[in-house]
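Here is the structure we will look at.
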Amino acid sequence: MTIQDFPSHLPNAPLHEVVLGVQFSPLPSFTSVDTFDVWSLFSDKFPQVEEHRLIPPAFEVFTTESVTGEGGSRGIAPSYGSRLWFVSENDANVIQFQRDRFLLNWRRRAESDVRYTNFEEISNRFSTNLERLSDHLAAKFKSGLEINQAEVSYIDRIPVKSLSESGSWVTLCPENIPNAESLYMTFSESINDAKGNKYARLHHELRNFQFDSHTSSNIALRLTMTFRGKPMKRDIAGALDFIEDGQKQISSRFWEITTESAHDYWERKQND
């Protein structure tokens with residue numbers, strides 16, 4: 001299949017959201033007052049502003065000495081300030097910014113909206129806006145971005161008539177639980193390079209939720225897959241290479257953990 005287009009060519013594709021992001025060393029002299037200048041960089045295409053809680057700093061570690069004793073995702077107490085969302089007029093695109101993070105979201109805003117902005121478009125938009133932020137910070141604070149983590153997430157929404165049919169869509173679920181009332185499953189796996197060294201982690205989360213719908217059922221499965229780790233190089237080019245690798249890893253794993261009957265419904269071709 002064409003990885004960059006996954007899964008835009010599928011008529012019934014379940015993809016609901018894509019998020020690309022980087023975490024970087026916070027600038028010591030950056031204050032909340034400076035966020036207005038950051039918003040000014042993007043306000044022409046992202047005119048709406050929302051305020052949200054900070055995302056705590058997090059690092060994927062692969063040593064035997066960690067918070068879990070076996071390696072894992074290590075978090076740190078959140079820093080001060082807030083996380084701002086800059087939202088596009090059509091509500092489908094979001095830039096998230098806080099003093100140590102920059103993320104870009106593409107969101108499907110209606111079930112009737114079958115168009116998927118392919119990965120290359122999202123990646124180019126992310127790169128352009130991240131470069132703009134980097135140039136601004138370098139000019140104002142005389143310091144470039146020191147990226148320490150990069151990530152990409154794919155969030156799929158799979159409508160179901162009842163939770164008992166979850167196993168018909170996702171191989172991780174039991175085939176039949178007639179009276180299932182809730183579903184929550186999470187696990188992670190380390191990703192190795194060609195030499196067998198761990199360099200990233202792929203997180204999986206599967207849960208049920210309810211959504212507004214005009215159909216007879218408003219139950220769905222939400223499958224979130226996040227690829228995160230430290231890029232080989234701490235610059236934007238290194239982060240983009242890492243994110244592209246992560247997108248391929250997610251795409252490959254998605255087809256492995258979903259069923260053949262689901263592939264038929266999504267009209268996946270044999271050579272995809």
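Please read these numbers as outputs of a predicted model, since none were measured by experiment.
Side-chain contact, D100 with Q98: a donor N or O sits under 3.5 Å from an acceptor N or O. Between the side chains of E60 and H203, at least one donor N or O lies within less than 3.5 Å of an accepting N or O. Using modelled atom types and a 3.5 Å distance limit, the side chains of S82 and E51 yield a donor-acceptor pair. Under 3.5 Å, the side chains of R125 and N93 contain a donor-acceptor pair of N or O atoms.
M185 CE: more than 12 foreign heavy atoms inside a 6.0 Å radius. At most 12 heavy atoms of other shown residues, nucleotides or ligands fall within 6.0 angstrom of atom CZ in F36.
For the pair I122 and L104, the tightest heavy-atom approach, listed with the atom from each and the gap, is CG2-CD2, 3.9 Å. Smallest separation of non-hydrogen atoms from T259 and S168: OG1-O, 2.5 Å. Nearest heavy-atom pair, P231 versus G229, reported as atom, atom and distance to 0.1 Å: CD-O, 3.5 Å.
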Side chain to side chain donor-acceptor pair (under 3.5 Å) between E189 and H204, intermediate numbers included: CA-CA 8 Å; E189 57 181 310; H204 307 69; 3.2 Å; yes
Chi angles and distances behind the ring-ring contact (aromatic ring centres under 6.0 Å, His included) call for F254, W266: CA-CA 13 Å; F254 175 84; W266 297 323; 5.4 Å; yes
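A heavy-atom distance below 4.5 Å is not found between the side chains of I219 and F209.
E17 contributes atom CD, which lies 4.0 Å from atom CD1 of I155 (distance to the nearest 0.5 angstrom). In this structure, the separation between CG on L103 and CG on L20 is 8.5 Å, given to the nearest 0.5 Å. Once rounded to the nearest 0.5 Å, the distance linking CZ of R101 with CZ of F24 reads 9.5 Å.
The residues D37 and K140 are annotated as salt-bridged, a charged nitrogen and a carboxylate oxygen being separated by less than 4.0 angstrom.
Aromatic ring centres of F62 and Y199 lie farther apart than the 6.0 Å criterion allows. Taking the six-membered ring where the residue is Trp, the centroids of F97 and W39 are separated by 6.0 Å or more.
Cation-pi geometry between R99 and F30 is not satisfied (NZ or CZ under 6.0 Å from the ring centre, within 45° of the ring normal).
Note on ring orientation: taking the six-membered ring where Trp is involved, the planes of F42 and F102 are tilted (angle from 30° to 60°).
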